[in-house]
Amino acid sequence: MSFEVHFKELQELTLKLEKEDLPLEEAVKLYGKGMLLAANCQEELQNAKLQMTKESAVIQHKHEGEQENGTEE
């Protein structure tokens, strides 16, 4: 599943925990599911940040090479 799907499910779960009068057992179950969803979202955000960092480094390296070769426009 994508970040957006995980995040939406986490939001819905949070609202359910906040608004509904749930039995303790069900609330604990939903809380555990929410923690897993939050961890998935965090991992997906970290992966996206890593990808952006890598791409920025490639662009920077290319730009520096163009400056050294005098091919910068």
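The shortest side-chain heavy-atom distance between Lys29 and Lys33 does not fall under the 4.5 Å cut-off.
The environment of CZ in Phe3 is crowded: more than 12 heavy-atom neighbours from other residues, nucleotides or ligands sit within 6.0 Å.
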Full working for side chain to side chain contact (heavy atoms under 4.5 Å, CB included) between Gln11 and Thr14: CA-CA 5 Å; Gln11 287 177 313; Thr14 301; 5.7 Å; no

Verdict with supporting geometry, Lys8 and Glu4, side chain to side chain contact (heavy atoms under 4.5 Å, CB included): CA-CA 6 Å; Lys8 184 174 189 226; Glu4 290 80 7; over 6 Å; no

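When all heavy atoms of Leu10 and Gly34 are compared, the closest pair comes out as CD1-O, 3.5 Å.
Distance check: Leu30 CG to Glu12 CD gives 12.0 Å after rounding to the nearest 0.5 Å. Gln46 contributes atom CD, which lies 7.5 Å from atom CD of Glu43 (distance to the nearest 0.5 angstrom). Between atom CG of residue Asn47 and atom CD of residue Glu44 there is a gap of 7.5 Å, rounded to the nearest 0.5 Å.
Both Leu37 and Leu17 are members of a single hydrophobic cluster when ILVMFWY side chains are connected at heavy-atom separations under 4.5 Å. Neither Leu36 nor Tyr31 shares a network with the other; the hydrophobic side chains, linked directly or stepwise wherever heavy atoms of I, L, V, M, F, W or Y lie under 4.5 Å apart, form separate groups for each.
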